[in-house]
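Structure first, commentary second.
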Amino acid sequence: ACEVDVAQGMRLLVKRLENLGHLSFGLLARDGKTVYERDLLQSYSHQMAREGLVDKGVQFVSEHPNIQDTLKDILAQTSRPDVLILASATFGPDVYDACEGMGIKIPEDLSIIAFGKGLHIIKPALASVQVDPQDYGTRCLEKLAGLIENPETTPTRECFPMRFVSGGSITGANEP
């Protein structure tokens with residue numbers, strides 16, 4: 001199996017954001033039912049407790065018919081998070097639309113970062129934590145080809161590290 005090291009990615013993300021002065025976090029996830037999201041939720045909770053940071057809660061998109069309603073719940077709080085972590089970069093356009101509709105400026109009023117390939121078609125560009133897709137895809141195909149060529153081979157697991165990719169959606173992200 002080829003897996004993404006979600007725990008390492010969350011540690012990297014939280015430490016980077018904490019170093020930039022963010023102390024209050026929120027997480028937006030789909031429904032928490034996939035292995036990926038359960039791993040992400042567990043890593044998020046662990047990092048919040050470990051670093052003593054303020055967890056403004058986990059919100060699930062499935063609680064509302066659309067992501068905009070979920071965001072309104074998060075963003076309407078008087079003490080909303082400094083930074084909103086998105087379990088998936090695919091939430092980016094809807095999150096930006098909801099913020100714009102509520103008069104919330106990114107990143108001045110709310111910093112946003114996503115897991116997955118950041119979207120640079122939205123402005124400011126969405127910061128992200130991701131694996132190198134070239135390395136990940138190549139290695140997965142190599143492993144699959146090896147198993148097809150030699151079915152008796154014992155499958156192995158390989159964990160891929162994640163990296164921070166800067167974007168304009170986080171305050172302080174371009175500072176040294």
Original post:
Do any N or O atoms from the side chain of Y44 and from the backbone of F25 form a donor-acceptor pair under 3.5 angstrom?
Top reply: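 Here the side-chain-to-backbone pair exists.
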
Original post:
Within the side chain of Q130, is there an N or O that forms a donor-acceptor pair under 3.5 Å with the backbone of V165?
Top reply: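 Absent.
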
Does the side chain of [Y] come within less than 4.5 Å of [X]'s, by heavy atoms?
{"X": "P124", "Y": "P107", "value": "yes"}
{"X": "H46", "Y": "R11", "value": "no"}
{"X": "S111", "Y": "L17", "value": "no"}

Measuring from atom [atom1] of [X] to atom [atom2] of [Y], what distance do you get when rounded to the nearest 0.5 angstrom?
{"X": "E108", "Y": "T171", "atom1": "CD", "atom2": "OG1", "answer": "8.5 Å"}
{"X": "R30", "Y": "T90", "atom1": "CZ", "atom2": "OG1", "answer": "5.0 Å"}
{"X": "M48", "Y": "S24", "atom1": "CE", "atom2": "OG", "answer": "9.0 Å"}
{"X": "S166", "Y": "R16", "atom1": "OG", "atom2": "CZ", "answer": "6.5 Å"}
{"X": "L41", "Y": "T34", "atom1": "CG", "atom2": "OG1", "answer": "8.5 Å"}
{"X": "H22", "Y": "L84", "atom1": "NE2", "atom2": "CG", "answer": "11.5 Å"}

Original post:
For L86 and V95, what are the C-alpha separation, side-chain angles and deciding distance, and is it a side-chain contact (heavy atoms from CB on, under 4.5 Å)?
Top reply: CA-CA 9 Å; L86 310 180; V95 170; 3.8 Å; yes

To check you understand the geometry: which heavy-atom pair defines the closest contact between [X] and [Y], and what is its length?
{"X": "E37", "Y": "A87", "value": "OE2-CB, 3.8 Å"}
{"X": "F164", "Y": "I113", "value": "CE1-CD1, 3.4 Å"}
{"X": "G167", "Y": "A127", "value": "N-CB, 3.6 Å"}
{"X": "G26", "Y": "P81", "value": "N-CB, 3.6 Å"}
{"X": "S128", "Y": "G116", "value": "CB-O, 3.0 Å"}
{"X": "L147", "Y": "T153", "value": "CD2-O, 3.7 Å"}

Subject >> Audit row: K105, E100, side-chain contact (heavy atoms from CB on, under 4.5 Å) steps and yes/no >> reply: CA-CA 7 Å; K105 294 179 184 145; E100 183 178 344; over 6 Å; no

**OP:** Under the side-chain contact (heavy atoms from CB on, under 4.5 Å) rule, what do I112 and I170 come out as? Steps first, then yes or no, please.
**Re:** CA-CA 6 Å; I112 299 174; I170 297 178; over 6 Å; no

**OP:** Verify the neighbour count for atom CD of Q42: are there more than 12 heavy atoms of other residues, nucleotides or ligands below 6.0 Å?
**Re:**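 Count not over threshold, so no.
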
**OP:** Apply salt bridge (Lys or Arg N to Asp or Glu O under 4.0 Å) to E51 and list each qualifying residue two or more places apart in sequence or on a separate chain.
**Re:**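 So E51 forms a salt bridge (Lys or Arg N to Asp or Glu O under 4.0 Å) with K15.
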
